[in-house]
Colleague: 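Quick one: the structure is below, and I'll ask about it shortly.
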Amino acid sequence: MRTRPLKVALLGCGVVGSEVARIMTTHADDLAARIGAPVELAGVAVRRPSKVREGIPPELITTDATALVKRGDIDVVIEVIGGIEPARALITTAFEHGASVVSANKALLAEDGATLYAAAEQHGRDLYFEAAVAGAIPLIRPLRESLAGDKVNRVLGIVNGTTNFILDRMDSSGAGYSEALDEATALGYAEADPTADVEGFDAAAKAAILAGIAFHTRVRLDDVYREGLTEVTAADMASARRMGCTVKLLAICERAADGKSVTARVHPAMIPLSHPLASVREAYNAVFVEAEAAGQLMFYGPGAGGSPTASAVLGDLVAVCRNKLAESTGPGESAYSRLPVSPMGDVVTRYHISLDVADKPGVLAQVATVFAEHGVSIDTVRQQGKDGEASLVVVTHRAPDAALSGTVEALRELDTVRGVASIMRVEGE
């Protein structure tokens with residue numbers, strides 16, 4: 001074993017960073033044995049130096065992150081500060097000064113991963129980011145390495161624990177969205193400002209990363225279609241139950257049937273209770289990967305939190321340090337396919353549409369005509385009426401999303417349609 005330690009700089013010491021520092025200290029001997037050399041925490045960059053950080057010597061604390069990554073004796077930089085800047089500048093500076101990087105920064109990787117990959121390649125350094133998607137669940141490395149010889153056609157999953165907790169509570173207790181969000185906040189699953197989670201931004205960033213790796217093409221955050229769950233109601237959950245389904249916020253990345261394009265999207269969807277993702281409860285994550293040779297693979301576990309995310313960070317640290325000792329690097333960007341990302345309108349999917357209509361003869365025929373005019377086939381229809389008003393629930397067969405959207409707009413123009421109570425896609429069949 002080499003006796004000279006590999007030096008590590010830690011950028012950020014919040015929930016995840018402090019747990020990374022703790023594990024590096026308490027498991028130092030094990031990490032050294034697995035790597036083949038000791039690792040030493042050489043500096044910790046923070047914004048508030050006066051805060052007491054148990055287990056971290058005060059002399060390691062600095063507010064000058066740029067000076068830390070420029071030191072030249074740093075072997076690995078761990079970035080857990082998040083956001084676009086200054087994280088991007090710090091990571092590229094770290095590469096320029098000889099350090100490899102382990103990051104948990106999903107937003108930056110989804111927004112400008114190409115710049116990071118290019119800088120890492122230019123300077124012959126590693127960029128690892130297992131913790132950026134699905135916390136402790138091993139997912140990035142299997143896609144980059146274990147399935148490198150296979151052709152991945154679809155990635156489907158629950159990649160945000162906050163939204164899964166909210167929808168699980170709505171399904172199990174009959175609570176409305178606001179009540180479930182309040183419970184998630186009280187339990188610490190939701191941030192004070194939950195926008196990134198509930199509006200789907202967090203899941204969309206992860207979908208961009210997964211699609212890029214799975215399909216060997218560049219997919220940016222702006223390429224991902226996104227809907228949040230703020231419009232999901234208790235009535236939607238009840239309607240799903242009547243269909244033998246539940247509602248999940250899904251990240252879906254697909255290769256087109258002809259193999260000439262890909263799509264990436266995040267939105268609420270009904271899935272059958274028989275589907276394995278339907279049983280993913282609380283704040284857990286789960287991701288299905290469908291590959292030609294391997295078939296269906298499912299990855300499941302805690303998708304967030306200090307300890308699970310730190311586990312992924314430390315796993316990357318071990319890999320990067322081993323590469324450093326072997327004077328090699330791991331996989332970089334694989335974007336040779338250069339496949340275009342198709343818009344949501346081209347995606348073939350199913351719809352569950354709930355309409356408030358007049359309870360009189362001929363209404364169903366009018367609605368069916370609109371569907372036929374837009375080339376959308378109806379799978380099932382359920383109608384209930386009372387006192388001149390009725391509820392009409394239509395589930396379609398698969399059709400282009402643009403045709404389904406056009407159908408809904410045409411339905412709104414019918415005099416007999418009082419309103420569109422809800423629209424939701426149906427997946428997992």
Side-chain angles (χ1 to χ4, degrees), residues 8-27 31 39-69 74 76-91 93-94 99 101-111 116 128-137 159-163 165 184-198 201-203 205-206 209 283 285 302-317 320:
V8 178
L10 177 62
L11 307 183
C13 198
V15 173
V16 175
S18 59
E19 188 66 8
V20 168
R22 185 191 68 79
I23 295 173
M24 284 186 64
T25 302
T26 58
H27 295 177
L31 290 173
V39 288
E40 174 188 313
L41 189 59
V44 182
V46 300
R47 285 184 297 176
R48 296 184 295 274
S50 59
K51 181 179 178 181
V52 176
R53 293 173 171 85
E54 186 176 348
I56 300 178
E59 62 269 19
L60 295 185
I61 301 296
T62 179
T63 58
D64 194 342
T66 301
L68 179 59
V69 300
I74 299 298
V76 184
V77 170
I78 297 175
E79 182 272 312
V80 288
I81 56 177
I84 306 301
E85 292 292 356
R88 176 168 47 198
L90 291 168
I91 289 173
T93 300
V101 173
V102 172
S103 177
N105 196 330
K106 53 186 171 287
L108 177 55
L109 288 158
E111 181 68 30
L116 305 185
Y128 276 55
F129 47 88
E130 185 68 65
V133 180
I137 304 172
V159 294
N160 182 274
T162 299
T163 52
F165 179 89
T185 303
L187 292 172
Y189 291 124
E191 302 286 346
D193 179 2
T195 303
D197 293 323
V198 300
F201 290 101
D202 175 85
K206 295 170 181 176
I209 295 169
N285 285 191
S307 293
T309 307
S311 171
V313 169
L314 268 296
D316 279 351
L317 176 64
V320 169

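Everything numeric in this text was worked out from a predicted model, so none of it was measured. Residue numbers count from 1 along this sequence.
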Colleague: Where is the tightest heavy-atom contact between Tyr189 and Thr162, given as atom of each residue plus distance?
Modeller: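 Smallest interatomic distance, heavy atoms only, reads O-OG1, 2.5 Å.
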Colleague: Enter the distance from Leu68:CG to Ile74:CD1 here, rounded to the nearest 0.5 Å.
Modeller: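 Leu68 atom CG to Ile74 atom CD1 measures 5.5 Å (nearest 0.5 Å).
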Colleague: If you take all heavy atoms of Cys13 and Ile56, which pair is closest and at what distance?
Modeller: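 For Cys13 and Ile56, the tightest heavy-atom pair comes out as SG-CD1, 3.4 Å.
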Colleague: Can you sort out the partners of Ala87 under side-chain contact (heavy atoms from CB on, under 4.5 Å), two or more places apart, ordered by chain and number?
Modeller: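 With neighbours one apart ignored, the set is Glu79, Ile81, Asn105, Leu108.
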Colleague: Enumerate, atom names and distances included, each donor-acceptor pair closer than 3.5 Å involving a side-chain atom of residues 39-47, sequence neighbours excluded.
Modeller:
none

Colleague: Glu54: what forms a side-chain contact (heavy atoms from CB on, under 4.5 Å) with it, not counting sequence neighbours?
Modeller: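 By the side-chain contact (heavy atoms from CB on, under 4.5 Å) rule, Glu54 matches no residue at all.
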Colleague: To check you understand the geometry: which heavy-atom pair defines the closest contact between Lys206 and Asn160, and what is its length?
Modeller: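 Looking at all heavy atoms of both residues, the shortest contact is NZ-CA, 4.5 Å.
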Colleague: Determine yes or no for a side-chain-to-main-chain donor-acceptor pair under 3.5 angstrom, with Thr25 supplying the side chain and Ala21 the backbone.
Modeller: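 Flag set: sc Thr25 to bb Ala21 pair under 3.5 Å.
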Colleague: Check Ala131 against Ala104 and note the closest heavy-atom contact, atom names and distance.
Modeller: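 For Ala131 and Ala104, the tightest heavy-atom pair comes out as CB-CB, 3.8 Å.
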Colleague: Can you tell me if Thr309 uses its side chain to pair, donor with acceptor, with the backbone of Ala304 under 3.5 Å?
Modeller: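 Flag not set: sc Thr309 to bb Ala304 has no pair under 3.5 Å.
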Colleague: Enter the distance from Glu19:CD to Leu314:CG here, rounded to the nearest 0.5 Å.
Modeller: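 Between atom CD of Glu19 and atom CG of Leu314 there are 9.0 Å.
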Colleague: How about Asp64 and Thr62: does a side-chain donor come under 3.5 Å of a side-chain acceptor?
Modeller: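 Their side chains do not contain a donor-acceptor pair, so the 3.5 Å distance test is not met.
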Colleague: Is the shortest side-chain heavy-atom distance between Phe129 and Leu116 below 4.5 Å?
Modeller: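 Counting from C-beta outward, Phe129 and Leu116 never come under 4.5 Å.
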Colleague: Could you give the distance from CD (Glu85) to CG (Leu90), rounded to the nearest 0.5 Å?
Modeller: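 One finds 8.0 Å between CD of Glu85 and CG of Leu90.
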Colleague: If you round to the nearest 0.5 Å, how far is CG of Leu31 from CE of Met24?
Modeller: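 Atom-to-atom, Met24:CE and Leu31:CG are 7.0 Å apart.
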Colleague: Please name the pair of heavy atoms, one in Ala310 and one in Val20, separated by the smallest distance, quoted to 0.1 Å.
Modeller: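 Closest heavy-atom pair between Ala310 and Val20: CB-CG2, 3.8 Å.
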Colleague: What is the distance from atom CG of Leu109 to atom OG of Ser103, rounded to the nearest 0.5 Å?
Modeller: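 Spacing of CG (Leu109) from OG (Ser103) equals 5.0 Å.
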Colleague: Any side-chain heavy-atom pair from Ile78 and Val80 closer than 4.5 angstrom?
Modeller: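 Ile78 reaches Val80 side chain to side chain.
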Colleague: Between atom CD1 of Ile137 and atom CG of Asn285, what is the distance when rounded to the nearest 0.5 Å?
Modeller: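 If we round to the nearest 0.5 Å, Ile137:CD1 and Asn285:CG are 5.0 Å apart.
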